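Below is one structure; the comments refer to it alone.
Computed from a predicted model, the values in this text were never measured in an experiment. In what follows, chains carry the letters A, B, and so on, assigned in the order in which the sequence lines appear, proteins first and then strands, with residues in each chain numbered from 1.
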Amino acid sequence: MAKQGLTPQGEDFSAWYNEIVQAAELASHSQVRGCMVVRPYGYRIWELIQAGLDRMFKDTGHENAYFPLFLPKSALDREADHVEGFAPETAVVTHAGGRELEEPLVVRPTSEAIIWPILADWIQSYRDLPVLLNQWANVVRWELRTRPFLRTTEFLWQEGHTAHATDEEAEEEARRMLGVYRTFMDEHMGLAVVTGEKTPDERFAGAKRTYATEALMKDGKALQAGTSHHLGQNFARAFDVQFQTEHGEHDYVWSTSWGVSTRLIGALIMTHGDDQGLVLPPRLAPFQVVIVPIWKSDEERARVMDTACRLELELGEMGVRVKLDGRETHNPGAKFYEWERKGVPLRIEIGPRDIEAGQAVLVRRLVLEGQDRKAATGLDGLSESVPALLDEIQSSMLEASRARREASSRRDFGSYEDLRSWIEESPGFAFAGWCGGVECARRGKEDLKVTIRVIPDEEFRSDDVPTRCVVCDQPSTTEALWARAY
RNA sequence: CGGGGCGUGGCGCAGUCCGGUAGCGCACCUGCUUUGGGAGCAGGGGGUCGCCGGUUCAAAUCCGGCCGCCCCGACCA
């Protein structure tokens, strides 16, 4: 007895979130405000995210590089919108080596202003294009309000930066990478998203177009999970990145940038987690299976551990990330709670009774309608059956996320008041008309704390296209996804 | 930056109003008994009470100043 559980999600989602980050040993606060320590268990999840994405980036022709942490303050000032967007939230180094610097250095809030001056030298001719780069890095944004993983002062991310000869190619690239993110979120994270384009108001500072994937968290709020920007020739002009075309003319390159961050871990927590703790999709789980041996006497211990070790070996050979929890300092019940809290998809309990019967008890972390949580399973062929079971869990998590997204979406708003009462009672994704007016978007934000997350892509649009703007009731120019957001 | 809260062993807190030996739970260490859903008993270790100054015989407690963190809003991946 003793340790009580987490605050239930339904009681205080925010408290639940903060507690789970600590309880699952994902992160801790550091000495500096807004900065977090990513603990080994949380970092392993990040490594798995990195591994999955990095593969996909390479498969689409990108190469990794690394650019510096600092940039001269003057470089940030080159692109007008970009400075305006980022200057207020930068950390600036004014002293180094015991002296005041002649020109202050900015700690990168993003790397466009570092990368483009360099690429200007690399790119001379159309033959040098496209340039397809990615870097895994840390960036610093001095946010006023921080939350572990969702918004921290320093965070880890990847940022892709590409240069192209034509507008069309850059557009294609920005779209391609949005697609990569979407696929990753679907297949690795079990995270159903809506893709689309940001409104001019919500665009990346300096971008021509910004695309995003928006995910729905269990509390009904939206989370921007990934973004991909078509930067047009804005940065090329600002940093004078010109190339000679096939016809001998000079032109500015067309560029893109795209990124996802450790925020994805926050998305995992708030998409799949429950009152017992974290629930991890198998592809991103540090341990996919944990084996908990049970014994009373030393003699039993020897027998049980013998079988458990064999099982661990077999599972490892099947390519399963497996952990045999043979600690003698904790009793089985304590281990059950711990691994459930940490979201391990499958647990195998094995004790003397099981060995007698030639079986083990297989326990699912996530139990869906009609499934048994625990099932006695014969030891023969158990290992072989695990990969398929993990795949099944993986896809059922995406299905569940899709179902939740649909259940929390509404597409038939009759009026602004209708939107108001719905968003206040059961927040979610509101697909509704928009006149295209900035005023209407701002009113929704100030009044209902609702923003246009994206103008959804074709496949997410409603069959019955809304004809009126949900705010002003004037004719609608487009359908928008409205939601409260993190 | 506005509003609220909090700084006391690793974590969570009580004690502060009304000054007088620094306490509780968890965690930790040792031993024995336990182990199929967060073990029990016994013993033990660990804190200049956020910092600086003031009042007092005496300050975690009263007074002044500073710093930090968390939560709620505006900015944001």
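- Note on A:Lys445: only backbone sugar-phosphate atoms sit closer than 4.0 angstrom, heavy atoms only; bases stay farther off.
- Pair assignment for B:U55: none, as no Watson-Crick or G-U wobble contacts are both less than 3.5 Å.
- If you measure from atom CZ of A:Phe336 to atom C1' of B:G37, you get 6 Å, rounded to the nearest angstrom.
- Residues of residues 195-214 of chain A that place a heavy atom closer than 4.0 Å to RNA chain B do not occur.
- Regarding A:Glu446, its CD atom lies at a distance of 13 Å from the C1' atom of B:G73, rounded to whole Å.
- Distance noted for atom C1' between B:G20 and B:U61: 11 Å (whole Å).
- In summary, A:Glu63 and A:Lys58 do not engage in a salt bridge, as defined by a charged side-chain N under 4.0 Å from a carboxylate O.
- Counting non-hydrogen atoms under 4.0 angstrom, A:Thr329 reaches nothing in the nucleic acid.
- Between the side chain of A:Glu340 and the base of B:G37 there is at least one donor-acceptor pair of N/O atoms closer than 3.5 Å.
- Of all nucleotides present, none satisfies the Watson-Crick or G-U wobble test against B:G47 with each distance under 3.5 Å.
- Ion pairing of A:Arg303 with A:Glu356 is present here, as a side-chain N (NZ or NE/NH1/NH2) and a carboxylate O approach within less than 4.0 Å.
- Between A:Leu268 atom CG and B:A77 atom C1' there is a gap of 15 Å when expressed in whole angstrom units.
- Remark: C1' of B:C28 and CZ of A:Arg327 are 15 Å apart, rounded to the nearest angstrom.
- Nucleotides B:C51 and B:A27 place their P atoms 28 Å apart, quoted to the nearest Å.
- Salt bridge A:Arg182/A:Glu459: present, at least one basic N to carboxylate O contact under 4.0 Å.
- Within 4.0 Å (heavy atoms only), A:Val139 reaches no atom of the nucleic acid at all.
- In this structure, of B:A77, B:C71, B:G36, it is B:A77 that holds the atom nearest to the side chain of A:Arg263.
- Within the nucleic acid shown, A:Thr262 has no heavy atom closer than 4.0 Å to any nucleic acid atom.
- Under the 3.5 Å distance criterion, the side-chain polar atoms of A:Arg453 are left unmatched by any main-chain donor or acceptor of A:Leu481.
- Computed from coordinates, the A:Asp275 CG to B:G38 P distance equals 19 Å when rounded to whole Å.
- Residue A:Asn18 places none of its side-chain N or O atoms closer than 4.0 Å to OP1 or OP2 of B:C70.
- Aromatic stacking is not marked for A:Tyr337 over B:G37, as the cut-offs of 5.5 Å for the centres and 30° for the planes do not both hold.
- Side-chain to base pairing of A:Lys449 with B:G73: no donor and acceptor N or O lie closer than 3.5 Å to each other.
- A salt bridge does not link A:Arg442 with A:Asp447: every distance from a Lys NZ or Arg NE/NH1/NH2 to an Asp or Glu carboxylate oxygen is 4.0 Å or more.
- Within the nucleic acid shown, A:Leu223 has no heavy atom closer than 4.0 Å to any nucleic acid atom.
- For the pair A:Gln288 and A:Pro345, the tightest heavy-atom approach, listed with the atom from each and the gap, is O-CD, 3.5 Å.
- Comparing the same atom, C1', in B:A22 and in B:U16 gives a spacing of 13 Å after rounding to whole Å.
- Between A:Lys445 and A:Arg484 there is no side-chain heavy-atom pair separated by less than 4.5 Å.
- B:A14 and B:U33 have their P atoms separated by 40 Å, with the value rounded to a whole Å.
- In this structure, A:His330 places its NE2 atom 16 Å from P of B:G37, rounding to the nearest Å.
- Toward the 5′ end of RNA chain B lies the nearest nucleotide of A:Arg147, the other residue of the pair A:Thr227 and A:Arg147 mapping further downstream.
- Protein atom CD of A:Glu143 is 8 Å distant from nucleotide atom P of B:A77, rounded to whole Å.
- Ring to ring, A:Trp339 and A:Phe287 are close: their centroids are under 6.0 angstrom apart.
- Considering only side-chain N and O atoms, A:Lys296 lies nowhere under 4.0 angstrom from the phosphate OP1 or OP2 of B:U33.
- Going from the P atom of B:U48 to that of B:C70 covers 24 Å, rounded to whole Å.
- Closest to the side chain of A:Pro352, out of B:G38, B:A77, B:G36, is B:G36.
- Nucleotide B:C1: paired with B:G73 (Watson-Crick or G-U wobble, both distances less than 3.5 Å).
- In this structure, A:Arg175 satisfies the cation-pi test against A:Tyr211, with its NZ or CZ atom closer than 6.0 Å to the six-membered ring centre and inside 45 degrees of the ring normal.
- Atom C1' of B:C28 sits at a distance of 11 Å from the matching atom of B:G9, rounded to the whole Å.
- In this structure, the CD atom of A:Gln22 is 11 Å from the C1' atom of B:C70, given to the nearest Å.
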